Amino acid sequence: MALDVEAIRAQIPALKSGSARFDAPGGTQTPQPVIDAIGEALANPLANRGRTTEGERNADGIVAEARAALGDLLATDPRGIVLGRSATQLAYDLSRTLAKSWGPGDEVVVTRLDHDSNIRPWVQAAEAAGASVRTADFDPATGELRPEHVEAVLSPRTRLVAVTAASNLVGAMPDLPAVARLAHGVGALVHVDAVHYASHAVVDPAALGADTLVCSPYKFLGPHLGVLAARPEFLESLRPDKLLPSSDAVPERFELGTLPYELLAGTRAAVDFLAGLDPEARGSRRDRLVASFAALEAHEGALRGRIEQGLAALDGITVYSRAARRTPTLLFTVAGLRPAEVYRHLADHGIDAPAGTFYALEASRRLGLGDEGGVRVGLAPYTDTDDVDRLLAALGTLTG
């Protein structure tokens, strides 16, 4: 089923501004049903969760519905869905909790391909525990992190491997099942950053080999939140720092303070919106999500090919997104111009394609782009061929 992009765009008020938006890897625009769900939650009585008053029941229901929706999206038991401020916050919280059992002689593996939110929390937690950090390299010529790169830094002392499911900088998608088999083979846990991946592909932590996995709803048409998915029985084995009166039940044990109920209502609506991208899909919400993501991948793959062909025809452009398996995300530079200059030029032409390292600082440096990075073009369900043609035309005036 092909996406009805016109119908999708009609439901996203921000697109009325007229900009061609390629900034989705940093955060997508919000559909009206998500906006409505947030407003409806705030328009009705809300209170701390419980079953006595209407406000308590509303809050309780919103949380349950959000966990169920995210469980369907992430193929995870809703009891294993932890809600937080951001993926970064959840990574810090998890790293501090796991590090309680680390000590001198233990090792943690991170990769140069990752967003810093999947590097620094683990590095800092390891340092505080007296453990060592080993870093897996990637091939700068292709942007690929291969299983042998990770294998080279594993040892019987490895306690955890933190690895991305898809690079937010160049889109490269490592062979996670192979990486996880290697990590589990030495007794290590695998933590997966799926923040970028979850916007473009069906997530299945068990198939990926992830013991824990994080994502962010605002990258897939929802509000600003973070989500951690894990098996409930694994979460039961962990003892995070928490307030004495707060619940010790899983997953509430890991959630600090009152949850943002209105944003959780919006998150549930975002998952339902994704499940409806293919209007002919039938079955459970998970079944409809799988079908809709198949249609989304076909749509975004076709547009990515159109962009890549257009960029190849322009002089002076170097593309760094070269991995065999990658998301529809392209990083490039223009000869003789700083990335920020290209960004401003495109913005002047009504095109939002930002420049920088996007917190993937280690990857940018490894690619030889230093702390300036490059210009990043990312696709979303609402991107259409007119957007792509406008981008290529504006770049043509810059290079031609």
Side-chain angles (χ1 to χ4, degrees), residues 3-38 66 69-70 73-74 85-88 115 117 165-169 171 193-203 214-227 260 262-278 289 292-293 295-297 299-301 303-304 307 326-331 346-347 350-354 356 358-360 375-384 386-388 390-391:
L3 292 192
D4 186 344
V5 181
E6 186 175 342
I8 293 170
R9 291 175 65 88
Q11 298 183 77
I12 301 178
L15 297 181
K16 294 176 183 176
S17 71
S19 296
R21 305 202 68 103
F22 292 96
D23 55 352
T28 47
Q29 304 307 301
T30 311
Q32 190 64 51
V34 176
I35 298 169
D36 291 343
I38 293 171
L70 289 165
L73 180 71
L74 304 176
R85 169 67 184 84
S86 65
T88 301
H115 187 288
S117 68
S167 164
N168 72 305
L169 189 67
D193 177 354
V195 172
H196 185 61
Y197 181 91
S199 305
H200 304 288
V202 172
V203 176
V214 290
C215 67
S216 300
Y218 74 99
K219 303 298 178 79
F220 49 80
L221 310 177
H224 287 77
L225 282 173
V227 180
E262 68 279 11
L263 301 185
L264 293 178
T267 297
R268 187 272 307 157
V271 174
D272 284 336
F273 191 89
L274 288 172
L277 291 179
D278 178 355
L289 283 163
S292 290
F293 269 95
L296 177 61
E297 287 186 57
H299 168 69
E300 292 182 334
L303 291 183
R304 190 193 81 183
I307 295 172
R326 60 189 185 275
T327 64
T329 304
L330 295 164
L331 185 79
L346 293 174
I351 297 155
D352 293 354
F358 307 101
Y359 281 75
V375 180
R376 184 178 66 181
V377 166
L379 305 186
Y382 47 76
T383 311
D384 63 11
D386 180 64
D387 290 334
V388 170
R390 288 172 62 188
L391 169 70

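The structure displayed is predicted, hence computed values, not measured ones. Computed from heavy atoms alone, side chains included, the values below leave out hydrogens, waters and symmetry copies.
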* Asked: So L221 and T30, side-chain contact (heavy atoms from CB on, under 4.5 Å) or not? Walk me through it.
  -> CA-CA 5 Å; L221 310 177; T30 311; over 6 Å; no
* To do: Only counting residues at least two apart or in another chain, list the ones meeting ring-ring contact (aromatic ring centres under 6.0 Å, His included) with Y382.
  => none
* To do: Taking all heavy atoms of P33 and all of A269, pick out the closest pair and write down the distance.
  => O-CB, 3.8 Å
* Any Y218 side-chain heavy atom under 4.5 Å of P223 side chain -> no
* Would you say V377 and L331 make side-chain contact, with heavy atoms under 4.5 Å? -> no
* To do: Side-chain contact test, heavy atoms from C-beta onward, threshold under 4.5 Å: evaluate it for L74 versus V227 and give yes or no.
  => yes
* Asked: At what distance, to the nearest 0.5 angstrom, does CG of D386 lie from CG of L391?
  -> 11.0 Å
* **Polar side-chain atom of T28 near backbone of A24 as donor-acceptor pair, under 3.5 Å** => no
* Classify the side-chain pair S167/H196 by whether it contains a donor and acceptor separated by less than 3.5 Å. => no
* **Rounded distance [0.5 Å steps], CG in L346 versus CZ in F22** => 9.5 Å
* Asked: Judged by atom type as modelled, is there a donor-acceptor pair below 3.5 Å linking the side chain of T267 to the main-chain atoms of G222?
  -> no
* State, yes or no, whether a side-chain contact exists between D193 and S117 at a heavy-atom distance under 4.5 Å. => yes
* To do: Quick one: closest heavy-atom pair of I38 and G266, and the distance?
  => CG1-CA, 3.7 Å
* Might you confirm whether atom CZ of R390 has over 12 heavy atoms from other residues, nucleotides or ligands at distances under 6.0 Å? => yes
* Shortest non-hydrogen contact from P260 to L225? -> CG-CD2, 3.5 Å
* Residue pair R9 / D384, side-chain heavy-atom distance below 4.5 Å -> yes
* Structure fact -> Residue set satisfying salt bridge (charged side-chain N to carboxylate O under 4.0 Å, His left out) with R21, at least two apart, ordered chain then number -> D23, D352
* **Non-hydrogen atoms of L169 and T329 that approach each other most closely** => O-CG2, 4.2 Å
* **For R304, all residues meeting salt bridge (charged side-chain N to carboxylate O under 4.0 Å, His left out), sequence neighbours excluded** => E308
* Of the non-hydrogen atoms in P31 and I12, which two are nearest, and what is the gap between them? -> CA-CG1, 4.0 Å
* Counting only N and O atoms by type, is there a donor-acceptor contact under 3.5 Å from the side chain of R268 to the main-chain atoms of V34? -> no
* To do: Report yes or no: does H115 contribute a side-chain atom to a donor-acceptor pair with the main-chain N or O of V195 at less than 3.5 Å?
  => no
* Would you say L274 and F293 make side-chain contact, with heavy atoms under 4.5 Å? -> yes
* Asked: Between CG of N168 and NZ of K219, what distance do you get to the nearest 0.5 Å?
  -> 6.5 Å
* No-hydrogen, no-angle side-chain donor-acceptor test under 3.5 Å, H200 and E297 -> no
* Structure fact -> To the nearest 0.5 Å, atom CG of L73 lies from atom CG of D272 at 10.5 Å
* Would you check if P381 and E300 make a side-chain contact, meaning some heavy-atom pair closer than 4.5 Å? => yes
* Side chains of L330 and L379: does their closest heavy-atom pair fall under 4.5 Å? -> no
* To do: Mark yes or no for whether S292, through its side chain, and D278, through its backbone, hold a donor-acceptor pair below 3.5 Å.
  => yes
